[in-house]
Amino acid sequence: MEENKKMTVRTRFAPSPTGYMHIGNLRSGLYAYLFARANGGKFLLRIEDTDQERYVEGAVELIYRTLKDIGINWDEGPDVGGDFGPYVQSERKNLYMPYAEQLIKSGHAYRCFCTKEELEQRRAEAQARGETFKYDKHCLHMSEEEIQRRLAEGQSYVIRQNVPTEGETSFTDEIFGTITVNNSELDDNVLIKADGMPTYNFANVIDDHLMNITHVMRGMEYLSSTPKYNLLYEAFGWEIPKYIHMTPIMKDAQHKLSKRNGDASYEDFINKGYLKEAIVNYVALLGWNPGDERERFTLKELEEAFSVKGMSKSPAIFDNEKLTWLNAQYIRELSEEEFTKHAMKWYEMAGISHMNTSVLFKILGQRVEYFAQIPDMVDFLVKLDEEYPVEFFTNKKSKTNSEVSKSVLEMVIPALKALDEWEETKIHDLLMNMAAENGLKNGTLLWPVRIAMAGKQVTPGGAIEIAILLGRDESLRRLEYGLKKLS
RNA sequence: GGCCCCUUGGUCAAGCGGUCUAAGACACCGCCCUUUCACGGCGGUAACAGGAGUUCGAGUCUCCUAGGGGUCACCA
């Protein structure tokens, strides 16, 4: 009767505050966000900090900052609130126990008094026999008196899920389709730890349900534990959400991208002068494609185009070169003002911030792939490497050699000295006319000038731009030095 | 090792039984443009993991093998 009233899509990003925002993390959050937006739904942020051991100071703030930086807004979360809070798991810790007890009553869970040491020993024994260890439900059949006795003694215990030993459980993943496993493969996992805190698995099920999450999006590593989640949903009589398991981003064919291996994180790229728009664009395309040939997307465009249909089933290898290429595309479209804003920090680092930013933009705007490249590209502007070899003056294509270069410089230097104003078009016209009047190719005249002024065979920009940047005095000094070298 | 998932060029990937002697992009190579380099333009090299089967017809469906990944914690 209400078939047109579709349920509002609700997704969540549930990171653990254990450190940096990895590229893989970032993409998980991005996809969950995009999926919600593409379907007119809500996106929530939940902090999963049940592991006090791994908690890192400041990690939560970093998560907020990174998401905000790239333009991802959450509709509900620790800082913005919402109707299903709190959104920090440690603040919900008292919430889980009643659910676990409900499961004990219904026979879907039980208290287990086995100690860690005992379990470790049994695990080791099983391994020694070459078997896969599985909890043997030892405590499941403990008598009520025994349980009460132990509780009275204050023995610590965990609560385990009681999974069926027979039959099979299947679930449907939106990307991978239907997956069926034998219940005999499933283990009686811990739901509540000895310290009373829920395990990730349990907290997840409870929280996702309580927060009305309709589409559980998470890494593929949870694919094989999903049947256990479903058994839990069924035990509670709750509606099972849709599952979307995302493939990891790889560093190479066998290793996941991870900060532990020193792989670059979002922040590292930002610090190297990559544009956040390019990073988002690239990361979105790693594991998802729009189904057509577009490859440039703003966040807004992604919000419209995103769909699970385009999500890949196999892991994608992170390709730094393609990211760099994409970043270069974005940089080339920057206005002079925007470019300079991004580049200034690097100009300062390189010691060229006093130079004409218009000319710098002209020579660097189409050449820089990421801003950290600037200092190396312009080092010659700051200091001439006087050790450059005379052979640099010889270039076949430009038809120059030492003699030609020498005569060119002899002719150019006095003319430039006599120039009334050190200005781009004036220098340009002077040199061009000089080439024409002497029957020289432009390149033949410009090559030695550029070499003398830069001391390098390859430079961003040409002789005229370099002359402007260096200024009259330094330009002439370098030209005369070049002439001396040729004499 | 058991179980689960995956497998199109070096990389990202399109393809959803015939239009595949397999698209596009990055990278690479060549040519053009040009004041070096870069940008830009044009072109090129390069792939259906292997084997059975189903079918008139298979990159597309099934099975097997191989390879890779994941998972088997009181971590998430």
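Just so you know, these numbers use all the heavy atoms, side chains as well, and skip hydrogens, waters and symmetry mates. Naming convention: chains lettered A, B, ... in sequence-line order (proteins, then strands); numbering from 1 in each chain.
- Nucleotide B:rG40 has B:rC32 as its partner under the Watson-Crick or G-U criteria, with both atom distances under 3.5 Å.
- Atom CG in A:Leu360 sits roughly 20 Å away from atom P in B:rA38 (whole-Å rounding).
- Residue A:Tyr222 places a side-chain atom within donor-acceptor reach of the base of B:rA76, judged by atom type and a 3.5 Å distance cut-off alone.
- Taking the P atoms as reference points, B:rC16 lies 16 Å from B:rU7, given to the whole Å.
- Closest approach to the A:Arg123 side chain among B:rC12, B:rC74, B:rC4 is made by B:rC74 (side chain taken as heavy atoms from C-beta onward).
- Listed pair A:Lys313 / B:rC6 meets the phosphate criterion, a side-chain N or O lying under 4.0 Å from OP1 or OP2.
- B:rU60 is unpaired under the Watson-Crick or G-U wobble criterion, no partner having all donor-acceptor distances under 3.5 Å.
- The C1' atoms of B:rC32 and B:rA38 are separated by 15 Å, rounded to the nearest whole Å.
- Closest contact between the side chain of A:Asn289 and the listed nucleotides B:rU35, B:rA14, B:rU71 involves B:rA14.
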side-chain hydrogen bond (donor to acceptor under 3.5 Å, both in side chains) between A:His108 and A:Asn162, intermediate numbers included: CA-CA 5 Å; A:His108 295 285; A:Asn162 181 21; over 6 Å; no

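- Rounded to whole angstrom, the span from the CG atom of A:Leu409 across to the C1' atom of B:rU35 amounts to 15 Å.
- Nucleotides B:rA23 and B:rC64 place their C1' atoms 32 Å apart, quoted to the nearest Å.
- Listed candidates were B:rG2, B:rC12, B:rC74. Nearest to the side chain of A:Glu185 is B:rG2.
- Residues A:Leu446 and A:Phe318 both approach RNA chain B. Their nearest nucleotides, taken by heavy-atom distance, put A:Phe318 toward the 5′ side.
- Between the C1' atoms of B:rG68 and B:rU21, the separation comes to 31 Å (whole Å).
- Comparing B:rC39 with B:rG70, their C1' atoms sit 44 Å apart, to the nearest whole Å.
- Counting non-hydrogen atoms under 4.0 angstrom, A:Met432 reaches a base of the nucleic acid.
- Checking A:Thr247 against A:Ser312 by side-chain atom types alone, no donor-acceptor pair falls below 3.5 Å.
- Closest to the side chain of A:Met250, out of B:rC74, B:rU34, B:rG69, is B:rG69.
- For B:rG2, the paired nucleotide is B:rU71, the pair qualifying as Watson-Crick or G-U wobble because both relevant distances are below 3.5 Å.
- When the P atom of B:rC74 is taken as reference, atom CE of A:Met197 falls 16 Å away, rounded to whole Å.
- Of all nucleotides present, only B:rU65 satisfies the Watson-Crick or G-U wobble test against B:rA49, with each distance under 3.5 Å.
- Residue order along RNA chain B, read from the 5' end via each residue's closest nucleotide, puts A:Gly310 first among A:Cys112 and A:Gly310.
- A:Ile317 has its CD1 atom 11 Å from the P atom of B:rG69, to the nearest Å.
- Here A:Arg294 does not reach the OP1 or OP2 of B:rA14: none of its side-chain N or O atoms lies under 4.0 Å away.
- No side-chain donor-acceptor contact under 3.5 Å links A:Lys193 to the backbone of A:Ile159.
- Salt bridge A:Arg12/A:Asp207: absent, no basic N to carboxylate O contact under 4.0 Å.
- Pairing for B:rG24 goes to B:rC12, judged as Watson-Crick or G-U wobble with the two contacts each under 3.5 Å.
- Between the base of B:rA25 and the side chain of A:Lys322 there is a donor-acceptor pair shorter than 3.5 Å.
- Remark: the separation of the C1' atoms in B:rU71 and B:rU62 is 27 Å, to the nearest Å.
- Proximity note for A:Gln254 (side chain, C-beta onward) versus B:rC37, B:rG15, B:rG69: the nearest is B:rG69.
- Side-chain N or O atoms of A:Glu338 include one that pairs as donor or acceptor with a backbone N or O of A:Ser335 at under 3.5 Å.
- The side chain of A:Arg332 places an N or O atom within less than 4.0 Å of a non-bridging phosphate oxygen (OP1 or OP2) of B:rG40.
- OP1 or OP2 of B:rG40 lies within a sub-4.0 Å distance of a side-chain N or O belonging to A:Gln329.
- Separating the CD atom in A:Glu295 from the OH atom in A:Tyr282 is a distance of 11.5 Å, to the nearest 0.5 Å.
- Counting only N and O atoms by type, the side chains of A:Thr394 and A:Asn401 include no donor and acceptor under 3.5 Å apart.
- Listed nucleotides: B:rC6, B:rA13, B:rA38. Nearest to the side chain of A:Arg367: B:rA38.
- You'll find that the side chain of A:Phe176 is closest to B:rC6, out of B:rC4, B:rU71, B:rC6.
- For the pair A:Asp263 and A:Lys251, the salt-bridge criterion is met [side-chain N within less than 4.0 Å of a carboxylate O].
- The nearest whole Å value for the distance from the CD1 atom in A:Ile464 to the C1' atom in B:rC37 is 16 Å.
- Straight-line distance between the C1' atoms of B:rA47 and B:rC26: roughly 16 Å, to the nearest whole Å.
- When distances run from any side-chain atom of A:Val181 to the nucleotides B:rA76, B:rC3, B:rC26, the shortest one goes to B:rC3.
- Listed pair A:Lys309 / B:rC16 fails the phosphate criterion, with no side-chain N or O lying under 4.0 Å from OP1 or OP2.
- The nearest whole Å value for the distance from the CG atom in A:Leu191 to the P atom in B:rA76 is 12 Å.
- For the pair A:Phe361 CZ and B:rC39 C1', the computed distance is 12 Å after rounding to whole Å.
- Here the nucleotide nearest the side chain of A:Glu321, chosen from B:rC74, B:rA13, B:rC26, is B:rC26.
- A donor N or O paired with an acceptor N or O is found under 3.5 Å between the base of B:rU36 and the side-chain atoms of A:Arg450.
- Between the side chain of A:Asp208 and the backbone N or O of A:Ile213, no donor-acceptor pair lies under 3.5 Å.
- Distance noted for atom C1' between B:rG67 and B:rA49: 8 Å (whole Å).
- Closest to the A:Thr459 side chain, of the nucleotides B:rC39, B:rU36, B:rG24, is B:rU36.
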